[in-house]
Structures are given as C-alpha cells and as structure tokens.
Amino acid sequence: MTTQDETGQGQAAPDEAGAGTSRGRRRGVVRRVTTTGAGLVGMLAAGAVAAFGSTGATLVPAAPAPVDAVEHVAVEPGPEVTVCPGPARLTDPETVGDAQFGPAPVGTESSLRAVVEGDGSAELGAFDGTAARADARTLERAPDADATVSTVEDPAAGTVLTVRPGEGAGPRVAASVGSVTTAGDLRGLAAASCARPGISQWLVGGSTQIGSSTQLVLQNPGLTPAVVQVDVWGQGGAAVLSGGGQQLVGPGEEVVTLVEAAAPEQRRLVVHVSATGGLVSAYLQHSTLDGLVPLGVDYVVPGAEPAHDLALSGVASVGEAVEDPHAPQLRLLAPGDAAGTARVTVFGADGPVPLRGVEDVALTPGVVTDVSLGGLPAGSYAVAVHADVPVVAGASVDRRGEADPDLLHEERQYDRAWIAARALAPATSAPAGGDAPVDEDGARAGQVALVPGTSSALTLAAVPTTEAAEDGDDAAGRLELRVRAYDEDGAEAGTTTVTLASGTAQTLDPSTLRAEGSEAVVAAVTVDVVGPRGDLDPVWSVTASAGPPSGDDGDETPSLLSVLLPVVDAPAPGEVAVRASDTAGLGD
C-alpha cells in the first residue's frame with residue numbers, strides 16, 4: 001500500500017443528498033501512528049540547538065552540513081490496522097423509493113474471523129463514532145498454537161483489527177466477515193476479506209438501475225477527520241453528483257450512503273473514493289431483485305489502481321451461453337482521457353481458453369464496459385487483462401439457486417459474487433499497493449481467513465505478468481506454491497505444494513489438507529511461492545459457499561457464494577536516509 005504524506009481514504013456521498021445518507025452504527029477506532037511529525041520535530045530541534053547552543057544570547061548560524069552527510073536510521077514497525085465491513089444491511093425502502101425492497105422473512109447470520117500468525121499482540125474493536133475504542137478486546141493465542149484465531153458472532157458494525165508486531169518477523173494478518181441470508185430480499189452470501197485503509201480505492205461493480213441498490217460505506221479508523229471525494233462512472237460516462245461528491249468522515253465513524261440517490265439508473269457502475277486528512281476504508285454493498293425474485297447480495301471491495309496489466313481469479317462457469325444474462329461478466333473502465341483496447345485472456349486447468357469476442361475489447365474513455373465471459377466450459381478460471389491505456393477491472397459471477405415456491409412460474413433465484421482485480425507485477429518489482437517484493441525464495445502470496453459456517457475452494461493460477469510473457473519464451477515456465485492450512489485453535493492442520501504450469505488455473509479444497517481422520521475445521525489458509533517465479537504471478541482467491549443446494553438432480557453445490565481475495569503482507573520495516581540540512585522544512 002502506497003504511503004503518502006497526507007493520507008485518507010473513504011467514500012464521499014454528496015452533501016446535498018441528505019435523503020441518501022445515513023450514519024451506520026459506529027464503534028471504536030484504532031490509534032494511528034505516524035513518523036512524519038516526529039521526524040519534523042527532530043529536524044526543528046536539531047536546528048534550534050545549532051542556532052542557539054554556542055553562546056548565551058548571541059545568535060550564531062549553524063554551518064551548513066555537507067550534502068553527502070547521510071545517516072541511515074532504522075524505522076520501528078507501527079501497528080498494522082485492518083478494517084472489516086459491517087454485516088449486510090437492508091436498504092430502507094422509504095429512502096430508496098422502491099417498494100420492491102422489503103424486510104427479509106428470515107434473519108441474517110453474520111460472523112467475523114481474525115487470524116494472526118507470528119509474534120505480536122492483537123485486539124478487535126468496533127466503530128462507535130469515537131476515536132477511542134474502550135471496548136476493544138485482546139485476542140488470546142492458544143497454548144502451543146502456531147497462530148491466533150478468534151471468531152466473533154453477529155458483529156453489530158464494522159470492525160477494526162489492530163496488530164502490534166513483536167520482536168520476531170512481521171506477523172501475517174488476515175480477517176474476513178460474512179453474512180448469510182437464506183430467503184427474502186437480502187438472500188445471498190455477502191463476504192469479504194478485511195483490508196487496510198488507504199487514500200485511494202477503486203470499486204468496480206454494482207448497479208443503480210431499477211431493482212438494484214448499491215450502498216457506499218465509508219469507515220474512518222483514524223484519529224483525524226478525513227475529507228473524501230467520490231467519483232462515479234456509468235454506461236454513459238462520468239456521473240454528475242450533487243454537492244460535488246465531497247463528504248467529511250469523522251474519526252471512528254462509519255457512514256452509509258445510497259449511490260442511487262446521487263447517480264440513479266446506472267446499469268454498470270465504477271466508484272472511485274479518494275481522501276485527505278486520514279486513512280479511510282470503502283466498500284459497496286450491492287443487492288438486486290428481478291421483480292420479486294432475489295438475485296443476490298455481495299460486497300464490492302477495492303481492487304487495483306488503474307494499470308495496464310491486471311488479473312483476477314475465481315470466475316466460475318457452468319457452461320452458460322454468451323447471451324445468458326447470468327453468464328460471468330468482466331467489467332472494464334479506462335478512467336483517463338484516451339481511448340484504448342484491452343486484450344482479455346482466460347486461463348483454465350489446461351491453459352488459455354479461446355473465447356470469441358474478448359481478443360480486442362474497445363475502451364471508450366470514461367465509459368464502463370461489460371464483457372460477457374459466456375461460452376466457457378464448466379470450471380473455475382483466472383482472467384488477465386492487458387490494455388494499452390490504464391484500466392480498472394472486476395468481474396461478477398452468478399450461481400443458480402432453488403425455485404421460489406411462492407411465485408407462479410417458479411422463477412429461479414440467483415446469488416451474485418463480485419471479484420476485484422489486482423495488478424500484475426514482474427518479480428523484480430513490488431506489486432501495486434506498496435507490498436513487499438515477491439522475487440525471493442519463499443515469498444508470501446497472501447492469506448485468507450475462511451468465513452465460519454461456509455465451505456471453501458481455492459482457485460490458484462500462474463498468470464504471465466505481461467501480454468508478451470503469455471507468448472514468449474517463459475510461456476512454458478512453472479510456478480510452485482505452498483499452501484498451508486490452520487485450524488480453529490491456530491494449529492497447523494496440513495500443508496501441500498501445488499505446481500502450476502504457466503497460464504493454468506487449479507482448484508483446491510483446503511479441507512483436504514487435514515491429516516487423515518482429522519475432523520478439525522480449517523480456519524485459514526496461507527500461500528507462499530516456492531523458489532523464483534520468473535514472469536509468472538500467483539493470482540488466487542477463495543470461493544465461499546453456503547445455503548441449501550439448487551435442488552437440481554445430483555447437484556449438491558450450495559446455492560450461495562462469495563469470493564474472498566487474499567490479504568498480502570504489509571511492507572517490512574526498514575531504514576530511512578536522513579540528511580542534515582540548514583533549512584528545516586524548506587529544502588527540496
């Protein structure tokens with residue numbers, strides 16, 4: 001995650017769209033530690049000593065320090081903050097102005113799971129609208145456990161996980177939240193990995209057309225207010241938002257805004273949230289009805305910043321036709337001023353899968369485009385996008401459920417999952433977001449805390465980092481990944497090594513990693529790269545499933561789904577170069 005001098009990330013709702021703005025339940029906030037102010041104070045103090053220390057009342061200017069007098073100072077790691085979405089919430093029909101939305105006939109069951117591997121202390125606290133989390137709970141590690149695992153049932157609001165590193169290597173942190181509703185307007189599984197707050201977030205997904213509701217949730221876990229700016233694009237280009245799209249999010253606040261109140265009738269949606277003054281988290285909750293038939297609910301989480309090479313995994317197909325409205329969809333936006341072209345490649349178990357119509361996708365600047373991925377054989381896939389202009393990308397997957405017995409024609413219900421794309425990065429560079437380089441042996445590819453009460457399947461892919469690498473000499477390369485599972489007590493449940501040929505994807509059930517005869521529940525998985533990876537990038541995700549099966553003969557697949565992205569490790573602490581100067585704060 002990129003560090004900047006002024007940070008803030010959030011989601012801004014128009015100030016004048018009061019009917020579409022409501023404050024969610026807000027609970028405590030995590031302390032934010034910075035070194036910028038301390039460094040500036042140190043520079044000023046050093047200047048004061050040089051100017052006033054030589055004589056009593058006589059001012060003696062300090063001699064300029066040599067330009068090459070550079071000292072390297074170790075930077076101690078600060079607390080790692082991870083923010084979790086709140087439980088799925090029903091849109092207020094009076095606010096939306098759509099009588100189709102109504103209370104669910106059954107309750108929503110939500111849960112949160114946090115996993116911390118390595119040295120350090122951890123605590124959980126919820127947003128309550130203040131900058132002090134008096135109710136924060138310290139997580140305890142079981143004796144002889146390899147990791148700390150904690151589960152919270154029915155969290156009332158968004159949650160902040162704070163981890164303070166210990167003496168050893170930096171801890172590996174993962175958390176996730178999931179909400180399951182088996183009937184009614186919120187029918188679906190809404191789940192997501194918790195993520196670090198930031199200053200810029202792209203949310204690719206959602207819709208505000210009739211029958212759909214998209215809630216924009218802003219969370220400020222810091223100690224300072226954040227000024228957030230929201231920009232929205234749709235099928236017709238950038239939307240004009242009343243109030244300019246700016247909003248103030250106070251410390252410890254969680255603010256919920258209806259996107260349809262500011263940008264209605266957008267069939268395809270991309271939202272960009274930027275902030276100053278503080279680090280902010282943002283996500284969308286998208287739910288859809290087709291008349292009276294629920295078509296799912298899910299979170300749209302931040303993906304990569306605009307880039308030329310992107311990828312995502314977990315795109316599932318049951319063999320839908322291209323024209324099937326429930327076929328997987330790829331969403332693209334070139335937010336700049338230049339038109340361009342994107343080449344889309346789909347990777348399956350046996351390598352790239354030819355798919356007509358995605359070889360060259362025309363990109364109109366500022367216009368959100370959906371590309372059908374129908375026509376794929378049944379299976380789970382990874383998708384790569386290579387564009388000649390910077391783009392953002394995401395995908396949606398629908399899963400058919402049982403027929404609704406209360407409807408005359410027994411229309412099928414569906415659930416929908418949104419998948420965010422990440423930037424592909426060569427092994428010699430750091431991935432987008434400021435994460436540690438991944439070109440050394442045993443590099444970490446991320447971790448996922450599995451949602452309690454769901455079954456899980458990993459989709460692992462070895463994706464060439466550029467379009468040239470797909471057809472070049474390294475196209476025959478291989479990638480080795482070590483997958484490790486942890487149980488609910490934090491003990492290692494099992495491990496395996498998966499070897500992937502270049503441009504292939506493979507699925508793995510983490511429960512198969514358990515020792516023979518073990519009944520332990522797998523609570524988390526980590527993935528590491530074994531050896532150098534060349535021009536291949538490990539792209540993976542976890543598909544969580546819940547609920548009853550669809551009811552089709554022989555199909556026991558749960559009818560509700562969501563896709564969780566891995567949490568990558570924070571940049572390792574290091575050293576900063578400090579140079580003495582005779583001008584505090586005035587240098588270049």
Side-chain angles (χ1 to χ4, degrees), residues 85 87-88 106 108-113 151 174 176-184 186-193 205 285-288 294-301 312-320 326-328 349 376 378-382 395-403 412-420 448-461 483 485 488 493 505-514 520-525 540-566:
V106 299
T108 297
E109 297 182 0
S110 300
S111 59
L112 179 148
R113 175 175 282 156
T151 301
S176 65
V177 65
S179 295
V180 177
T181 310
T182 57
L186 274 185
R187 178 190 176 276
L189 168 59
S193 293
Q285 179 192 302
H286 176 229
S287 55
T288 304
L295 297 182
V297 59
D298 200 20
Y299 301 124
V300 180
V301 299
L312 53 87
S313 70
V315 174
S317 170
V318 294
E320 299 96 337
H326 296 289
L376 292 170
S380 187
Y381 299 88
S396 65
V397 177
D398 288 0
R399 180 179 291 179
R400 191 167 79 162
E402 65 272 32
R412 286 284 185 170
Q413 302 175 110
Y414 283 83
D415 192 19
R416 174 168 295 171
W418 287 99
I419 310 171
V448 172
L450 306 183
V451 178
T454 66
S455 59
S456 300
L458 278 69
T459 301
L460 305 162
V483 183
E488 290 180 305
Q506 181 176 329
T507 58
L508 174 67
D509 183 349
S511 66
T512 61
L513 302 182
R514 299 175 300 187
V521 175
V522 177
V525 291
W540 66 286
S541 64
V542 173
T543 299
S545 301
S550 64
D552 295 336
D553 293 339
D555 186 5
E556 297 299 325
T557 304
S559 55
L560 308 180
L561 85 163
S562 190
V563 177
L564 288 80
L565 305 183

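A pairwise comparison of heavy atoms in V522 and S511 identifies CG2-CA, 4.1 Å as the closest pair. In terms of heavy-atom proximity, P87 sits nearest to Y299 at C-OH, 3.5 Å. Shown here for A191 and L564, the closest heavy-atom pair between the two residues is CB-CD1, 4.1 Å. When all heavy atoms are compared, the tightest approach of V563 to G314 is CG2-O, 4.2 Å. For D415 against G296, the heavy-atom pair with the smallest separation is OD1-CA, 3.3 Å. For the residue pair S455 and P558, the shortest heavy atom distance occurs at OG-CG, 4.3 Å.
Inter-residue side-chain proximity for L458 and V483 is flagged as met; some heavy-atom pair is nearer than 4.5 Å. Looking at V448 and W540, their side chains come closer than 4.5 Å, going by heavy atoms from C-beta outward. In this structure, the side chains of Y414 and H326 come closer than 4.5 Å at one or more pairs of heavy atoms. Between L189 and S545, the closest side-chain pair of non-hydrogen atoms is not below 4.5 Å. Using a 4.5 Å heavy-atom threshold, the side chains of I419 and V315 count as touching.
Panel note: side chain S456, backbone L450; no donor-acceptor pair is recorded below 3.5 Å. For the pair T181 (side chain) and A183 (backbone), a donor-acceptor distance under 3.5 Å is absent. Here the side chain of S541 pairs a donor or acceptor atom with the backbone of S313 at under 3.5 angstrom.
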**OP:** Give the intermediate values and the outcome of side chain to side chain contact (heavy atoms under 4.5 Å, CB included) for residues L186 and Q285.
**Re:** CA-CA 11 Å; L186 274 185; Q285 179 192 302; 4.0 Å; yes
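In this structure, a donor-acceptor pair under 3.5 Å is present between the side chains of T459 and S380. No side-chain donor from either of T108 and S179 sits under 3.5 Å from a side-chain acceptor of the other. Remark: the S559 side chain and the R187 side chain contain an N/O donor-acceptor pair separated by less than 3.5 Å.
Going from atom OG1 of T182 over to atom CD of Q413 covers 9.5 Å, rounded to the nearest 0.5 Å. Atom CG of D398 is separated from atom CD of E320 by 8.0 Å, given to the nearest 0.5 angstrom. With rounding to the nearest 0.5 Å, the separation of CZ in R399 from OG in S562 is 10.0 Å.
Electrostatic pairing of D298 and R416 does not count as a salt bridge here, judged by no charged N lying under 4.0 Å from a carboxylate O. At a threshold of 4.0 Å, the pair R412-E402 does not count as salt-bridged, since none of the basic side-chain nitrogens sits closer than that to a carboxylate oxygen.
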